[in-house]
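Following: one structure in structure tokens, then a few remarks.
Every chain is numbered from 1, with letters handed out A, B, ... down the list of sequences.
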Amino acid sequence: MTTKQVLPLIAQIPQSIVGFLESSSSLWSSSLSKTTQAHARILKSGAQNDGYISAKLIASYSNYSCFDDADLVLQSIPDPSVYSFSSLIYALTKAKLFSQSIGVFSRMFSHGLIPDTHVLPNLFKVCAELSAFNVGKQIHCVSCVSGLDMDAFVQGSLFHMYMRCGRMGDARKVFDRMSEKGVVTCSALLCGYARKGCLEEVVRIFSEMEKSGIEPNIVSWNGVLSGFNRSGFHREAVIMFQKMHRMGFGPDQVTVSSVLPSVGDSEMLNFGKLIHGYVIKQGLLKDKCVISAMIDMYGKSGNVYGIIKLFDEVEMMETGVCNAYITGLSRNGLVDKALEMFELFKEQKMDLNVVSWTSIIAGCAQNGKDIEALELFREMQVAGVKPNRVTIPSMLPACGNIAALGHGRSTHGFAVRVHLSDDFHVGSALIDMYAKCGRINMSQIVFSMMPTKNLVCWNSLLNGYSMHGKAKEVMSIFESLVRTRLKPDFISFTSLLSSCGQVGLTDEGWKYFSMMSEEYGIKPRLEHYSCMVNLLGRAGKLQEAYDLIKEMPFEPDSCVWGALLNSCRLQNNVDLAEIAADKLFNLEPENPGTYVLLSNIYAAKGMWTEVDSIRNKMESQGLKKNPGCSWIQVKNKVYTLLAGDKSHPQIDQITEKMDEIREEMRKSGHRPNLDFALQDVEEQEQEQMLWGHSEKLAVVFGLLNTPDGTPLQVIKNLRICGDCHSVIKFISSYAGREIFVRDTNRFHHFKDGICSCGDFW
DNA sequence: GTAGGGTTAG
């Protein structure tokens with residue numbers, strides 16, 4: 001076409017376009033004022049109704065983040081096109097104003113406009129960012145109906161959206177239909193499966209990549225590493241790491257932080273130190289994840305020095321790093337230091353998140369700081385941090401440990417409200433908590449209401465019934481477990497054997513002991529042997545128990561010998577007791593319990609010289625029995641009661657009640673030589689009396705505070721001693737109370753002065 | 001115009 005031919009055509013171009021052409025240079029200019037000027041010129045020339053011009057104007061305003069102006073332009077167009085909307089949607093998405101972006105889209109849709117292949121990727125990106133799976137799915141439908149779902153960009157963003165929403169199944173369907181699959185998409189899929197713990201898929205995709213000529217890069221390798229790590233294959237993760245290194249992929253900060261958890265779990269401290277050296281050389285110690293993972297590795301390997309040194313050196317006050325530090329400290333028993341650091345972090349107004357709170361709560365609950373754990377759980381909510389599916393099973397053991405039923409119940413309520421009660425971890429922790437608080441019926445209800453149960457849930461229930469001495473129930477639950485597709489493990493058998501021991505079911509005990517290895521291929525561990533020794537010993541078959549110990553394929557530990565010694569006390573067998581005690585003196589020379597048990601056995605036989613000699617031996621070693629300690633919960637507050645402690649605010653009332661009970665006992669002819677007024681306990685300083693002291697306090701306190709007698713008090717951690725039992729028995733018959741007493745992990749139920757189970761009483 | 005990886009809590 002010649003110039004001569006073109007010129008008449010140009011003359012026919014409408015005036016509006018001429019206006020646009022005049023202003024076009026300003027529209028692509030670099031300042032907002034020029035855009036405003038262009039806008040004015042467009043309005044003057046009447047070009048504002050032109051879709052293309054308006055769209056450019058919208059884009060230009062958006063470019064300067066003037067979204068309101070852009071939207072005004074959009075709204076002024078009488079008949080807007082997809083393109084006009086998409087300019088604004090694109091800009092809003094880019095500015096991360098996702099909700100507004102979706103809002104503009106819905107306006108576009110209500111104009112009857114169908115999104116095109118340019119808008120769709122933006123929309124999917126928005127849904128991915130907002131995890132708006134349902135909206136995304138609907139837009140996916142729109143793209144299918146309009147036949148746009150075969151577009152590579154649409155597919156790519158759709159795939160990403162499903163991945164971000166954690167919908168691996170949907171993502172996989174899109175992936176399988178994708179026309180172009182590159183290393184990026186494959187790695188993304190691989191990493192997605194790794195996060196979900198689908199190791200098989202991870203490995204399959206990785207090998208298929210190689211087969212189909214897609215060269216895996218460092219991201220793919222990192223995904224494989226994290227897959228092994230997440231699925232608990234720690235050794236394998238380390239091996240892959242070494243293989244990757246050999247193949248010439250230099251580990252980066254992501255590689256290091258992916259493999260370090262596995263190094264820690266395999267307790268390969270030296271290898272961890274090697275990585276530490278590499279990290280320093282490569283200058284990766286600036287990365288927060290690397291530091292957290294490094295602290296975590298030292299913590300898991302028991303290297304407290306490593307944790308503290310690294311934390312002090314890096315001086316990085318970042319939430320993740322601090323969380324790893326808290327966990328590392330409490331994992332190694334330094335819970336006081338952890339609490340101290342946590343306080344410091346709070347003072348420094350650090351941004352503590354749900355992991356921070358959960359870490360310190362779990363640290364407390366695992367290190368005997370149960371009351372602190374409950375207090376922190378409350379404080380966390382006051383601080384506006386919402387407990388999640390990890391927090392709840394971390395704090396529930398604290399409720400169980402101190403039989404704080406009220407706290408446990410309200411946590412259960414919380415879990416139900418936030419829809420977490422079906423979670424395996426939460427459910428199992430609830431079952432355990434209720435059992436430890438004496439409410440085995442609630443454990444049963446929680447269990448029955450769970451839509452699906454894993455082995456941990458079953459084991460919690462088995463252990464609960466076992467704790468309550470209900471062997472028949474344990475066996476019947478075990479039968480139900482066997483009928484499921486789940487296979488019982490060594491923990492299931494521990495509950496079975498322990499409950500058989502409690503009620504003297506020797507034959508059943510042997511049956512399960514052999515069933516464990518013969519039918520299920522589970523090798524008996526130390527705890528199974530202790531259960532068997534206990535079972536045989538209680539049944540009076542001490543020699544058989546001792547023979548079993550001698551036949552053990554590995555060295556018996558203190559629990560096994562302790563079980564034998566305890567049985568010897570029940571059967572008054574001095575010879576075997578001396579053998580067992582001798583082993584225990586070697587294994588745990590610091591444990592005063594062994595001396596006391598042995599001396600009791602001597603005393604029962606009237607061997608007073610031996611009694612004296614054992615007592616002297618104990619004293620010469622400077623050993624003392626731990627003071628008794630109990631907890632009791634009254635109206636949602638947990639009270640700790642320590643032997644010899646008079647600091648309780650109601651000590652006078654308690655003493656008064658004690659006197660009253662003592663008087664009643666005298667009148668009704670109960671063991672008149674027993675005296676359990678507090679002052680007498682202290683004056684006499686008799687060990688037996690001291691042991692019973694705190695429990696009496698708890699029982700009496702419970703009576704005082706529950707005048708209507710409705711709540712059954714669960715008293716934890718009772719030390720076995722005759723004096724205290726008599727008190728509990730007496731109170732139970734005298735006051736007509738049902739009293740539950742928990743002796744470490746076993747329950748005794750008193751009604752009308754009779755204990756329903758156990759020969760201790 | 002789309003698009004990939006890591007740490008710390010049970």
Side-chain angles (χ1 to χ4, degrees), chain A residues 83 86-87 89-90 93-94 115-126 128 151-161 163-164 171 174-175 178 180-192 194-195 216-227 229-230 251-261 264 284 287-297 299-300 318-328 330-331 352-363 365-366 380 385 387-397 420 423-426 428-429 456:
Chain A
Y83 186 52
S86 66
S87 299
I89 290 173
Y90 172 64
T93 309
K94 209 172 169 191
D116 62 13
T117 53
H118 294 270
V119 200
L120 282 169
N122 280 302
L123 297 174
F124 290 134
K125 186 179 179 172
V126 170
D151 179 86
F153 287 116
V154 172
Q155 284 177 333
S157 53
L158 184 58
F159 169 73
H160 176 68
M161 186 271 292
M163 291 289 296
R164 287 285 295 269
V174 178
F175 178 85
M178 276 167 91
E180 295 166 32
K181 285 173 214 168
V183 64
V184 172
T185 319
C186 290
S187 305
L189 187 71
L190 190 150
C191 292
R195 271 193 295 271
N217 60 14
I218 189 151
V219 180
S220 335
W221 275 97
N222 290 346
V224 174
L225 278 184
S226 97
N229 176 36
R230 298 248 176 162
D252 65 1
Q253 67 277 19
V254 180
T255 322
V256 169
S257 27
S258 303
V259 79
L260 275 173
L284 299 177
D287 188 285
K288 60 179 181 168
C289 291
V290 170
I291 299 168
S292 316
M294 195 73 78
I295 291 176
D296 178 62
M297 182 278 296
K300 283 177 183 162
E318 189 272 336
T319 308
V321 172
C322 295
N323 296 350
Y325 191 46
I326 294 281
T327 306
S330 20
R331 205 194 284 277
L352 297 173
N353 60 17
V354 62
V355 180
S356 325
W357 287 96
T358 309
S359 304
I360 190 71
I361 290 170
Q366 289 159 5
M380 147 180 205
V385 181
N388 67 8
R389 61 178 64 246
V390 183
T391 320
I392 293 167
S394 303
M395 71 79 66
L396 279 173
L420 286 179
D423 182 274
F424 289 148
H425 286 110
V426 173
S428 314
V456 181

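Contact annotation: Arg331(A) side-chain N/O to dT8(B) OP1/OP2 distance is not under 4.0 Å. Residue Arg389(A) places no side-chain N or O under 4.0 Å from the OP1 or OP2 atom of dA9(B). At the phosphate of dG10(B), OP1 or OP2 sits under 4.0 Å from a side-chain N or O atom of Gln366(A). The side chain of Arg195(A) places no N or O atom within less than 4.0 Å of a non-bridging phosphate oxygen (OP1 or OP2) of dT7(B).
No N or O donor and acceptor, one from the side chain of Asp252(A) and one from the base of dG6(B), sit under 3.5 Å apart. A donor and an acceptor atom sit less than 3.5 Å apart, one in the side chain of Ser292(A) and one in the base of dT7(B). Interface remark: the Ser187(A) side chain does form a donor-acceptor pair with the dG4(B) base, using a distance-only criterion of under 3.5 Å.
Judged purely by distance below 3.5 Å, without hydrogens or angles, the side chains of Ser226(A) and Asn229(A) never pair a donor atom with an acceptor atom.
Remark: C1' of dT8(B) and CG of Asn323(A) are 5 Å apart, rounded to the nearest angstrom.
Nucleic acid contact for Gly223(A): none, since no nucleic acid atom lies under 4.0 Å from a heavy atom of the residue. Across all strands, Asp423(A) comes closer than 4.0 Å to base atoms (heavy-atom distances).
Taking Trp221(A) as the reference, Phe206(A), Phe249(A) meet the ring-ring contact (aromatic ring centres under 6.0 Å, His included) condition, with sequence neighbours excluded. Residues passing the side-chain contact (heavy atoms from CB on, under 4.5 Å) test with Thr391(A), sequence neighbours excluded: Val354(A), Thr358(A), Ile361(A), Phe377(A), Met380(A), Pro387(A), Asn388(A).
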